[in-house]
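Have a look at the structure below, then the notes.
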Amino acid sequence: MAFQRSHRLNLLRLAVLLIVALVGIKFLFRDSLTLDLHKHVSKDGGFWGKPGDPKLGAVAPVRSLEVPIAKAAGPRPETRRQPLQDVGVAELRLVHLDLKGAAPRVSYLEQVFPFLSKLGANGVLLEYEDMFPFKGELEILRSPYAYSDEDIDRIQQLAQRNNLEVIPLVQTFGHVEFILKHEKYRPLREVEHFPNSLNPHIPDTLSLLQAVLTQVMDLHRRASWLHIGADEVFHLGEGQDSKNWLSRNGGDVGKLYLSHIREVVRFMAGRYQNLRLLLWDDMLRKVSVAAIQDSGIAEHASPMLWFYVPDMDTEQIGTYISKYAESGFKTIWFASAFKGTTGPAQTWTPLNHHLQNHLGWLKVIQSMGKFPAIRYQGIALTGWQRYDHYSVLCELLPVGIPSLAVCLQTLVNAGFTEATKKKVLDLLGFQSIQLEKSTCEGSGAFPGSEVYRMVEHIHGQLRESIVKTLEEESSIKGWFSQYHRKHRFGNPRNLENFGSKVLKVHEDWESFLQTFRTHLEGIYFPDTVEEWLEENVNTRMDQLRSFVRDYKEIVRLNARPKAL
C-alpha cells in the first residue's frame, strides 16, 4: 500500500514538472516572438527614439506628423518576402528603366528581359512616374497609355522568370513634376511657380505620398526594396513655410531635408516588414554626419551614390563612402549610366563615354575592402529617358542597348578585355565595334536592333541628305528660290533640272520613315512615336515636304505670271 502511494506521488510530481516545463517553453516562445515583432514593427522603438528624446529635437517635426502613422498604415504591418538576393549573398546589377518617357510596351519587355539576363543583369529598377495605373483620387496622375494592373503583374512575372529582382522607384520629394503639374496639387509646391519639389510642411503632402506609395506597393507585394528617389530637391528652403521653419531651426537646410525623408521612411518602415529603402545620395552629400545619425534613416534605408561622368574622382567618392559609413548606413549602392546623361536631346549613345564611367565604378567596387564598416550591395545602370518630366526624349532604349551590353559585361568580367569585347559582339550580333566612333558593324540580333539601325541612319544621314539636296543645288538657288515659291511662279523647263532628284530623295525618305514608324509602333505607344518623329525627323522632313508641295503646285501652273 505504501509503495502504491509513493508511486502515485512520484507520478503526480512528474506531471507537475511537465506542466511547469510546458508553461515555461510557451512563455519563452511568446517573449521572443514579441521582441522580434517589436524590433521590426514598432514605430516608437529604438529607431525613432523615445518621446522627448533630445536627439530627435534637432530635427523639428513638420506639420505632416499630424497624420497618425497607425491610421495611415492600417491595423497591422505587411510582411514582405525576404530578398531573393540577400545582403552579402550576391551583388545586384540593376538596369534602370525610366518610364517617364518612351515607356516600352510589355510585348517588347518580353523580348528585353531575357536579353538583360544574358547580358549579366539580375534586377530592374522601374521608375514608373505617370505610367503606373493609379486609382481613385490619384487617377489624374495616369498617362493615357499607363500600364494596367495586369501589365504590372505581367512585368513582374517576366522578371521572375528571368531571375531579375524588381525594385520600383517612386519620387517622394523632388522630381515630382508629374504630380505638381496638375492644378489639384499646385498648393503642394515648395515654390508656387515651380512644379519640381514638394512642400514638406503641409499635412496633405505626406498624405499624398502615403497614398502613392501604398498603391505602388500593393502591386509589388514581392518587392524586397523600394527606391524613394529624393534627389535634386530644387528650391528647397525657398518657400515661405520652409523659411519659417529654417528661422526656428538655425537655417539648416540639411535637417529640413531629413525631416521630410524621415517621415517617408517612418511610414514605410511602420507599414512594411523586411522592406529596405533606397534613395539617391546627392542631397545627403550636403548634410552633416550628425544630422544623418540623428534622423535615424540609416536603420531602414541605404544611399545610392551616383556619378555619370567618364573621369570620376574616385578619391572624392571614397570620402562619400566613408561619410555614409560613419553616418550609420550598413549598405551602400552605386549608380552609373549607360545612356541618357550626355545631353537632354541626345539621340545617339556615345559608347566610350559610358564605358569609361563603368571602368571608374569598377575601381570603386574593387576598393570596397577599404571600407569594412559598410557593405557594397549593388549598382544601378541608369538609362535616363528624360532629364525631367518636361524635357524631350533622350536616346531610345534600343539605341542604348549596345552601350548597356558593353557596360554590363565590363562589370561582370571586371574589365573590358578582348574576351569581353568578343562576348559583347556575340550577344549583340555584330562583327565589330568602334568605341570612340560609337559605331557597330553588322545588322544586329538584339531586341530592337532594327530601330537601332534606322535611328543610326536618321542620325547620320537625314540632315546631310536634305541640306545637300535643297541648299547646295545651284539650279534651285537660281530658278526656285524662296522668292519664286512665295510668288508662285517658275519655268517648268528649268525646274525639271532638279525636280526628279528632289522627288526621289523625298520618296525614299518617306518610304524609309514609314517602315521606321512601323518598327517604332511595335515597341512604343503612339505618344512616344509622335514625339520622337516630331523632335528628330519632322523638323528636317517638313522642310523637304514643303519644298515638294510648292514644286508640284508651281509646275502645274504651267509658267503663269508671278503672283502679286
Side-chain angles (χ1 to χ4, degrees), residues 95-113 115-116 119 121 124-131 143 145 147 155 308 337-351 353-354 381-408 427-430 433 438-440 443-463 512-541:
V95 175
H96 170 235
L97 297 178
D98 179 17
L99 303 178
K100 66 174 172 283
R105 295 180 184 271
V106 176
S107 58
Y108 182 62
L109 296 180
E110 289 177 347
Q111 305 171 52
V112 169
F113 278 17
F115 191 71
L116 296 183
L119 291 179
V124 287
L125 180 63
L126 299 179
E127 185 165 358
Y128 286 110
E129 204 170 269
D130 60 354
M131 285 301 293
S143 160
Y145 300 100
Y147 295 136
I155 289 170
Y308 304 143
F338 72 91
K339 78 176 188 72
T341 60
T342 55
Q346 182 76 284
T347 58
W348 195 249
T349 308
L351 295 177
H353 177 103
H354 295 293
L381 290 81
T382 62
W384 299 102
Q385 198 55 74
R386 297 188 195 276
Y387 272 37
D388 68 24
H389 186 77
Y390 285 89
S391 69
V392 298
L393 296 170
C394 302
E395 311 100 294
L396 296 173
L397 180 57
V399 173
I401 281 182
S403 174
L404 177 61
V406 167
C407 297
L408 264 174
L427 287 166
L428 294 174
F430 289 138
I433 185 169
S438 300
T439 58
C440 302
S443 58
F446 56 89
S449 56
E450 300 90 353
V451 168
Y452 171 85
R453 277 297 175 217
M454 299 182 91
V455 170
E456 181 182 34
H457 185 60
I458 293 169
H459 174 74
Q461 300 296 325
L462 181 60
R463 179 183 181 278
F512 175 87
L513 292 171
Q514 184 56 50
T515 303
F516 177 62
R517 174 185 281 272
T518 300
H519 284 297
L520 275 184
E521 290 173 343
I523 297 176
Y524 295 112
F525 297 100
D527 59 337
T528 297
V529 175
E530 294 304 324
E531 179 180 351
W532 201 92
L533 292 175
E534 188 70 29
E535 291 287 346
N536 300 287
V537 171
N538 293 347
T539 51
R540 295 292 174 187
M541 279 299 294

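Quick caveat, the model's predicted, so the values are computed rather than measured.
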Given side-chain contact (heavy atoms from CB on, under 4.5 Å), test M131 with L126 step by step and report yes or no. CA-CA 10 Å; M131 285 301 293; L126 299 179; over 6 Å; no
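- Without hydrogens or angle criteria, Y452 side chain to S443 main chain gives no donor-acceptor distance under 3.5 Å.
- The CG atom of L428 sits 5.0 Å away from atom CZ of F115, with the distance rounded to the nearest 0.5 Å.
- A donor-acceptor pair under 3.5 Å is formed between the side chain of S438 and the backbone N or O of L351.
- For the residue pair L97 and F113, the shortest heavy atom distance occurs at CD1-CE1, 4.0 Å.
- Annotation: the span from S143 atom OG to E129 atom CD amounts to 10.0 Å, rounded to 0.5 Å.
- Not counting sequence neighbours, the partners of Y128 by the ring-ring contact (aromatic ring centres under 6.0 Å, His included) test are F132, H220.
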Might you work through the side-chain contact (heavy atoms from CB on, under 4.5 Å) test for Q385 and L393, ending with a clear yes or no? CA-CA 6 Å; Q385 198 55 74; L393 296 170; 4.1 Å; yes
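- Every residue two or more places apart in sequence or in another chain that forms a side-chain contact (heavy atoms from CB on, under 4.5 Å) with N536 is listed here: T347, W532.
- Closest approach of F446 to P398, counting heavy atoms only: CE1-O, 3.6 Å.
- With hydrogens and angles disregarded, a donor-acceptor distance shorter than 3.5 Å links the side chain of S391 to the backbone of Y387.
- Screening residues 102-113 for side-chain hydrogen bond (donor to acceptor under 3.5 Å, both in side chains) gives E110-R154 as the qualifying pairs, with residues at least two apart or on separate chains.
- Atoms CD1 and OG1, on I523 and T528 in that order, are 11.0 Å from each other to the nearest 0.5 Å.
- Atom CD1 of I401 and atom CG of L396 lie 10.5 Å apart (nearest 0.5 Å).
- A search for side-chain contact (heavy atoms from CB on, under 4.5 Å) contacts involving Q346 returns T342, P350, E395, not counting sequence neighbours.
- Between L119 and V95, the closest side-chain pair of non-hydrogen atoms is not below 4.5 Å.
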Between D98 and T382, does a side-chain contact (heavy atoms from CB on, under 4.5 Å) hold up when you go through it step by step? CA-CA 8 Å; D98 179 17; T382 62; over 6 Å; no
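- In this structure, D527 has no side-chain hydrogen bond (donor to acceptor under 3.5 Å, both in side chains) partners at least two apart in sequence or on a different chain.
- Under the rule for a side-chain contact (heavy atoms from CB on, under 4.5 Å), the partners of R517 that lie at least two apart in sequence or sit in another chain are Q514, E521, V529, E530, L533.
- For C394 against P344, the heavy-atom pair with the smallest separation is SG-O, 3.7 Å.
- Interatomic distance, K339 NZ to H354 NE2, rounded to the nearest 0.5 Å: 9.0 Å.
- Listed by first and then second residue, the salt bridge (Lys or Arg N to Asp or Glu O under 4.0 Å) pairs that reach into residues 383-392 are R386-E531, sequence neighbours excluded.
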CA sep, side-chain torsions, deciding dist, call: F512, L462, side-chain contact (heavy atoms from CB on, under 4.5 Å): CA-CA 11 Å; F512 175 87; L462 181 60; over 6 Å; no
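- Taken from CG in D130 to NE2 in H389, the straight-line distance is 5.0 Å, to the nearest 0.5 Å.
- Under the side-chain hydrogen bond (donor to acceptor under 3.5 Å, both in side chains) criterion, S449 pairs with no residue at all, not counting sequence neighbours.
- Residues passing the side-chain contact (heavy atoms from CB on, under 4.5 Å) test with R453 are F430, C440, E456, sequence neighbours excluded.
- Legend: residues meeting side-chain hydrogen bond (donor to acceptor under 3.5 Å, both in side chains) with Y308, ordered by chain and number and at least two apart, are W384.
- The heavy-atom pair separating T349 from S403 by the smallest distance is CG2-CB, 3.7 Å.
- Applying the side-chain hydrogen bond (donor to acceptor under 3.5 Å, both in side chains) criterion to Q461, with sequence neighbours excluded, gives no partner residue.
- The two residues P402 and V399 make their nearest non-hydrogen contact at CD-O, 3.5 Å.
- Legend: residues meeting ring-ring contact (aromatic ring centres under 6.0 Å, His included) with Y390, ordered by chain and number and at least two apart, are absent.
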